[in-house]
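Right, one structure below, let's go through it.
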Amino acid sequence: MYNQRTKIKALLSSEATHFQTTVMGWVRSFRNNQFIALNDGSTNNNLQVVVELGMLDESNLKRITIGACIRASGELLPSMGKGQKVELKASAIEILGDSDAETFPIQPKRHSLEFLRENAHLRFRTNTFGAVFRVRHALAFAIHQFFNSKGFVYMHTPVITGSDAEGAGEMFRVTTLPIDGSAPRNEDGSINFKSDFFGRSTNLTVSGQLEGELAAMAFSEIYTFGPTFRAENSNTPRHLAEFWMIEPEMAFYDLEDNANLAEEFIKYIIRYATEYCSEDLAFLAQRLEEEEKALPQEKRSGMGLLEKLDFVVKNHFERITYTQAIDILRESNHNKKKKFQYPIDQWGIDLQSEHERYLVEKHFQKPVILTNYPAKIKAFYMRLDENCPPDRQTVAAMDILAPGIGEIVGGSQREERMDHLLRRMREMHIPEKELWWYLDTRRFGSCVHSGFGLGFERLVQFVTGMNNIRDVIAFPRYPGNAEF
RNA sequence: UCCCUAGUAGCUCAGUUGGUUAGAGCGGCGGACUGUUAAUCCGUAGGUCGUAGGUUCAAGUCCUACCUGGGGAGCCA
């Protein structure tokens, strides 16, 4: 048996000392030919391994370089130094894997996030990314725990989809046909997909929602949690071409039930992270604080990461309708002084980022749930509100806006009435023939139901305080980039 | 995709109104050091100034195009 070791996290929190143990990990620094800071990823904190003088000969001592992988055995003792409680007095050190000091890119100093992104295969070995990805793991685990505890069924919706009718975004095509122009063609010159792998045109999914609705019409409450793909040329710190999305779908939930669940969900996930990732979050909070010191006063958030998370957990999300939001924005001094790039003048316009930010960061200073948007700017499957004033038709949509990152949740009560749904699909040119299976849910036992979608990376961004979404997914995909 | 901005040593940066041989810290390498904490001290190597054109007696510095990064916008999660 090879894996006979104790994890560093366990040793650092050990009450007992004076016992023999073995650790394996990667060297973070080596000082004074004597002190190895060793990390095995179980925690951001390093174990100090003390090398007695003369224990290793000159040539082996030289092999203890930053990034090298070693096994150390010895006695765990109270530390004689000040920076740590315990340390390992080594009686044997074996170098498992050398790391050439001249070419290993990660130095014991502060690197820019951009540089580390170019070294994404090695950036896990830094404090920042160690913390980020342990938090990411904890959040994923908390999501399953939350839904499982409520009796939701975890559905795996397809990654390859035949439907391209949702209009949620540009899609990546999936095909085994040759791309050199020799693919079979129809008479009109378009590609004939009859001979393609699936016998039809297929794409990578942009959303599992429609399939999720099918499952909700049997299990009552389901959720999806999987990768999603958008072929949009988006170059922002909030967008990826490949990202993970959580999409719960619930029968017998109206819009209010839906918003209640989303709020409870977000608070649960954050509370879980603050409870189980306190060390990593404390590190990230400190990192963020130092980063903000370099910014001019008006750009600082004013609230530390930990306070922000605590604040979100403890306060009710503000709930207002789109119409109320327009009134607030129109009457705001900001608008009257013409400080918006896009002034608010009429009902029906889509809100811009600056408007959302004003509502969340200036007016309410907390997360906001915006509901009942104009039907014209929302998707076909959202339920038409009843008794709307003329020319002010709205749908039962809801967006949750979070400080710092904007829209974190988008959801709605779904249109369960066949006649309304068909009318909306025709208005918006959604081909009903292709979605026959979706429409079948409205034919056979339709019911009030709702759901929402949440971008996992945006949640990780919010909790870790990382500004760029490319730094919260291990190997980010975005226009012009698919390294690793 | 559009607007703004940046690209100088392995990394983080300085480089004046265009003017001699382009600098520093960290890292690397060589050495010193038996309680260090991004260790410290001494020494040392390391650069086609993003790429291609142009202006000029002279370009790291000015102009144009392209590439790459960052910020903002749009699309959205």
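Residue numbering restarts at 1 for every chain, and letters A, B, ... go by the order of the sequence lines.
In terms of phosphate contacts, A:Ser234 brings no side-chain nitrogen or oxygen within less than 4.0 Å of OP1 or OP2 of B:C75. Side-chain nitrogen and oxygen atoms of A:Arg31 include at least one within less than 4.0 Å of the OP1 or OP2 phosphate oxygen of B:A39. Of the side-chain N and O atoms in A:Ser353, one or more sit less than 4.0 angstrom from OP1 or OP2 of B:G74. Side-chain N/O atoms of A:Arg357 include one lying less than 4.0 angstrom from OP1 or OP2 on B:A73. OP1 and OP2 of B:G72 both lie 4.0 Å or more from every side-chain N or O belonging to A:Thr236. Contact annotation: A:Asn235 side-chain N/O to B:G71 OP1/OP2 distance is not under 4.0 Å.
Annotation for A:Val360 and A:Ala402: closest pair CG1-C, 3.7 Å, computed over non-hydrogen atoms.
As judged by a 4.0 angstrom heavy-atom cut-off over every strand, A:Glu407 is placed among residues touching the sugar-phosphate backbone only. Within the 4.0 angstrom heavy-atom criterion, no nucleotide atom of any strand lies near A:Pro105. Among the protein residues, A:Glu118 comes within range of no part of the nucleic acid, since none of its heavy atoms lies under 4.0 Å from any strand. Heavy atoms of A:Glu356 sit nowhere under 4.0 angstrom from any nucleic acid atom. Across all strands, A:Met80 comes closer than 4.0 Å to base atoms (heavy-atom distances). Note on A:Phe115: only backbone sugar-phosphate atoms sit closer than 4.0 angstrom, heavy atoms only; bases stay farther off.
Put simply, the side chain of A:His111 and the base of B:C11 share no donor and acceptor less than 3.5 Å apart.
Across the strands present, B:G47 finds no partner; the criterion is a Watson-Crick or G-U wobble pair with both atom distances under 3.5 angstrom. In this structure B:C2 sits in a base pair with B:G72, meeting the Watson-Crick or G-U test at under 3.5 Å. B:A59: no Watson-Crick or G-U partner with both key distances under 3.5 Å is found in any strand. For B:U21, there is no paired base (Watson-Crick or G-U wobble, both distances below 3.5 Å). B:G7 is paired with B:C67 under the criterion used here, namely a Watson-Crick or G-U wobble arrangement in which both key atom distances are under 3.5 Å. In this entry B:A32 has B:U40 as its Watson-Crick or G-U wobble partner, both defining distances falling under 3.5 Å.
Remark: aromatic rings of A:Phe133 and A:Phe124 are close, center separation under 6.0 Å. For A:Tyr223 and A:Phe146, the ring centers sit 6.0 Å or farther from each other.
Nucleotides B:G28 and B:G72, compared at atom P, are 35 Å apart to the nearest Å. Between B:G19 and B:C62, the distance separating the two P atoms is 11 Å to the nearest Å. Rounded to a whole angstrom, the distance from the C1' atom of B:U51 to that of B:G7 is 11 Å.
With respect to the salt-bridge test (charged N to carboxylate O, under 4.0 angstrom), the residues A:Arg414 and A:Glu249 qualify.
Geometrically, A:Arg470 engages A:Tyr478 in a cation-pi contact, judged by NZ or CZ lying under 6.0 Å from the ring centre and within 45° of the ring axis.
Using cut-offs of 30° and 60° on the angle between ring planes, the pair A:Phe475 and A:Phe484 is tilted.
With B:A39, B:A73, B:G69 as the choices, the nucleotide that has an atom nearest any side-chain atom of A:Asn481 turns out to be B:G69. Comparing B:U1, B:G28, B:G35 by their nearest atom to the side chain of A:Ala101 picks out B:G28.
Where A:Gln107 and A:Glu58 each meet RNA chain B at their nearest nucleotide, the meeting point lying more 5' is that of A:Gln107. Nucleotides of RNA chain B nearest to A:Lys109 and A:Gln352 differ in position, and the one nearer the 5' end is that of A:Lys109.
To the nearest angstrom, P of B:C76 lies 21 Å from CG of A:Leu459. The CD-C1' distance, from A:Glu114 to B:U5, rounds to 13 Å in whole Å. Atom P of nucleotide B:C33 and atom CG of A:Asn32 are separated by 11 Å, given to the nearest angstrom. At whole-Å resolution of the value, CG in A:Leu47 and P in B:U37 are 18 Å apart. At whole-Å resolution of the value, CD1 in A:Ile469 and P in B:G71 are 12 Å apart.
Taking 4.5 Å as the limit, some side-chain heavy atom of A:Ile328 sits within range of a side-chain heavy atom of A:Leu359.
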